[in-house]
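Below is one structure, written out as structure tokens, with a few remarks after it.
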Amino acid sequence: MSVFEEQDYKKRFDWQLWKKLFRYLKPYKKHLAVLGVVVIILAGIDTVFPLMTKLAVDSYIVPRTFEGLWKFGFLFALLVIVQAVVVWLFIAIAGKIDMGICYDIRKRGFERLQELSFTYYDRTQVGWIMARMTSDISRLGDTIAWGLVDMIWGFTMMLAMAVVMFVLNWKLAFLTLSVVPVLAVLSLYFQKKILKWYRIVRKSNSRITGGFNEGITGAKTTKTLAREQENLREFQAMTSTMYHSSVRAAVLSSMYLPAVLTLGSIGTALALWYGGKGVLAATISYGTLLAFISYTVQFFEPVREIARIFAELQSAQASAERTLSMIETKPDITDSAQVIKTYGTTYSPKKDRWPEMAGNITFRNVSFAYSGGQKVLTQFNLDVKAGETIALVGETGSGKSTIVNLACRFYEPTEGEILIDGVDYRERTLLWLHSNLGYVLQTPHLFSGAIEENIRYGKLEATDKEIEGAARLVNAHNFIMNLEDGYQTDVGEGGGRLSTGEKQLISFARAILADPRIFVLDEATSSIDTESEKIIQEAIEQVLAGRTSFIIAHRLSTIRSADRILVIRDGRVIEEGDHHNLLKQKGYYYKLYTNQFMDEQETRLINA
Ligand SMILES: Nc1ncnc2c1ncn2[C@@H]1O[C@H](COP(=O)(O)OP(=O)(O)OP(=O)(O)O)[C@@H](O)[C@H]1O
Ligand SMILES: [Mg+2]
């Protein structure tokens, strides 16, 4: 299991954490103040209703008179109206705060996720992030907005009712309230137990979701390997834990409610017994007795609510811990304070101070290891002139993508430095480099939406003409026009409705739309038919013209047109030169070429 397994909960109440969380309440100070008043009024009204019953009984029913009843009716109607308005306000405001907090935290989280470096995504599962962004944040919003408000309401109401009861008849009050401490202890005990099982349910639920995720994304692979049965068995094991824990929680809940009801009845019975005697002895009025009975019933609701909230606070604290830990993660690759002062931040760059980029790239004694991994590059040196096209070839795992990702500053060297136009790239902003960069990934990713939107992603302010221009430049225009809705065609999730070659053409168009100085192509190994290959090859040549480019090439045609070919092995350049020179050397490249590319040549000859 991964490091990101839902951790167990800390027992202690963590003030620091809650203080941080309450910062998100700051923008809602006014709302909170109104809410506080509303809640207190509501608790007051809840306390007044039994008194109204007392009034009705003592002033009208027992004396059997209608005199002045209209006053009572008027007061009662007024109370009902005020209560309705206050309840409406209560729900509206608490709902607004709930939504607002969730929105703010999610926004913060999303911003942070955009800033985090590749290294973060190397070690963090998507499922884990999704759980933080969705269920954890909802739970926080719930607890903060509703839980705390419910707690204030509950305490105010209990206090008000207790005061009224003691004023009416302190002995009777004492007797009926004697069951409350028992109830509080019982509630806390049950809620904790129930929550413990729910926690296990949630834990297995997140595992199951992860399992679903893998099962669905890997559905095709599963089928090709005929692994359905094993997968089902693994999945069943996970669901059975969830089943058993859910049943335990349900059984406990079903025991809790009757226990509460019984206690409530005992309270009521005590009130009836002692109060009834009082009524017979004429020391207590009928109305007072009725009010007491209402109060005992009403008293139990807040006690139950508060016990539930107390129990939930613990899991909300865990949610808070995880969410804040995500929001507070520092990106591994950031601009220094000095750099930000000069060139601005990602969200407010000072573009007028940015230097023009020519596109010379130099690796100077660069060593690099992925976190916790072995060194992939050791004392690596490379000098790339502006406008040069470098092809990187080599076995899988030799370090080609690593070299390129370092050049793009998706990772930074562990030792040594990388210079762009003669200056260490850490002395400029990330945004400066990335704004001048076009990168087509090994597996091009399209976002669901129209083709046009996908191309526009490369430069948001591009006109339709520019978009078509970019598409034409990479030979994508023709195939796009052949689609049913042209540029408005929906590509489906992840571009699933297009072929790999088509996706690649669109990602070319997207990458060159912003006219980058540096272009990177991590070529997919998948073989494409000769016709598409020709189109893509032409597209590549168009894209490369006049830019510094790194091509991780698997296709002979791409490699041949490069200015310089680097043969990489174990993070080292073992051969270097253009295609013909390298062939003449009869070394590693020659072997690679004869093994891998001869077939391709033959096919070409046969097809020609
Ligand atoms: N994100 C990562 N975290 C840890 N190790 C990694 C990561 N990416 C690559 N590596 C390791 O670094 C080494 C070089 O990988 P790299 O991706 O640069 O190879 P490559 O030449 O691009 O291979 P391919 O042709 O298969 O794409 C490999 O040993 C690989 O296991
Ligand atoms: Mg690679």
Side-chain angles (χ1 to χ4, degrees), residues 6-43 86-113 128-159 187-188 191-192 194-196 198-199 201-202 205-206 301-329:
E6 308 276 316
Q7 308 105 312
D8 282 319
Y9 297 76
K10 269 199 216 147
K11 277 266 144 54
R12 272 204 11 250
F13 190 76
D14 187 346
W15 248 120
Q16 291 303 320
L17 194 73
W18 287 99
K19 250 170 51 193
K20 273 187 220 155
L21 212 57
F22 284 137
R23 263 185 239 147
Y24 286 93
L25 279 173
K26 258 201 186 145
Y28 303 97
K29 261 192 210 150
K30 272 191 206 144
H31 287 96
L32 280 172
V34 178
L35 194 63
V37 174
V38 162
V39 163
I40 290 171
I41 295 177
L42 194 62
V86 165
V87 166
W88 168 74
L89 268 175
F90 173 82
I91 294 176
I93 299 175
K96 195 176 157 82
I97 294 178
D98 179 10
M99 291 301 142
I101 291 174
C102 287
Y103 173 80
D104 293 342
I105 301 182
R106 283 205 179 103
K107 198 170 130 226
R108 229 8 247 118
F110 192 74
E111 273 170 16
R112 185 36 54 95
L113 286 172
W128 189 86
I129 298 175
M130 289 309 286
R132 299 302 73 84
M133 290 294 278
T134 53
S135 54
D136 273 340
I137 293 181
S138 306
R139 194 170 314 143
L140 281 183
D142 259 10
T143 315
I144 297 178
W146 299 101
L148 295 187
V149 160
D150 271 353
M151 211 128 103
I152 299 172
W153 164 76
F155 275 124
T156 320
M157 184 158 114
M158 289 197 313
L159 191 73
S187 294
L188 218 52
Q191 296 291 0
K192 276 208 163 150
I194 292 170
L195 213 75
K196 191 185 114 197
Y198 271 132
R199 224 174 267 162
V201 171
R202 268 208 293 270
N205 186 39
S206 73
E301 203 186 317
V303 175
R304 263 157 60 191
E305 279 293 299
I306 289 170
R308 182 183 58 80
I309 295 162
F310 262 126
E312 272 178 7
L313 272 182
Q314 234 179 42
S315 77
Q317 180 168 307
S319 290
E321 226 171 85
R322 290 189 297 244
T323 310
L324 290 181
S325 85
M326 185 186 88
I327 291 177
E328 287 172 356
T329 311

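For the numbers below, each heavy atom of this structure counts, side chains included, while hydrogens, waters and symmetry mates do not. The residues of the chain are indexed from 1 along the displayed sequence.
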Test item: Met157 and Glu301 side chains (from C-beta on) under 4.5 Å apart, heavy atoms: no
Donor-acceptor under 3.5 Å (Glu321 side chain, Leu17 main chain): no
Met151 atom CE, neighbour heavy-atom count above 12 within 6.0 Å: yes
Nearest-0.5 Å distance that lies between atom CG in Leu188 and atom CZ in Arg304: 14.5 Å
Beyond-backbone contact of Asp136 with Arg139, side-chain heavy atoms, under 4.5 angstrom: yes
Inter-residue atom distance Ile91.CD1 - Trp146.CH2, 0.5 Å rounding: 6.0 Å
Gap separating the CG atom of Leu25 from the CG atom of Leu32, nearest 0.5 angstrom: 5.5 Å
Spacing of CD belonging to Gln317 relative to CG belonging to Leu140, to within rounding of 0.5 Å: 10.5 Å
Side chains of Leu21 and Leu324 in contact at under 4.5 Å (non-hydrogen atoms): yes
Any Ile137 side-chain heavy atom under 4.5 Å of Tyr103 side chain: no
From CA spacing to verdict: side chain to side chain contact (heavy atoms under 4.5 Å, CB included), Leu313, Trp18: CA-CA 10 Å; Leu313 272 182; Trp18 287 99; 3.9 Å; yes
Residues forming a salt bridge (Lys or Arg N to Asp or Glu O under 4.0 Å) with Lys96, sequence neighbours excluded: none
Ile41 CD1 to Thr156 OG1 distance, which is reported to the nearest 0.5 Å: 11.5 Å
Which atom of Asp150 lies closest to which atom of Phe90, heavy atoms considered: OD1-CZ, 4.1 Å
Distance (rounded to the nearest 0.5 Å) between Ile129 CD1 and Phe110 CZ: 11.0 Å
Salt bridge (Lys or Arg N to Asp or Glu O under 4.0 Å) contacts in which one or both residues fall within residues 100-110, not counting sequence neighbours: Arg108-Glu111
Donor-acceptor under 3.5 Å (Arg132 side chain, Arg322 main chain): no
Nearest heavy-atom neighbours spanning Ala307 and Ser187: CB-CB, 3.3 Å
Side-chain heavy-atom pair Phe22, Leu148 within 4.5 angstrom cut-off: yes
Met326 and Leu113, any side-chain heavy atoms less than 4.5 Å apart: yes
Shortest non-hydrogen contact from Ala94 toward Ala145: O-CB, 3.6 Å
Nearest atoms (heavy-atom pairs only) where Glu305 meets Arg308: OE1-NH2, 2.9 Å
Contact summary for Thr143 and Ala316, nearest pair of heavy atoms: OG1-CB, 3.4 Å
Heavy-atom pair of closest approach, residues Cys102 and Ser138: SG-CA, 4.1 Å
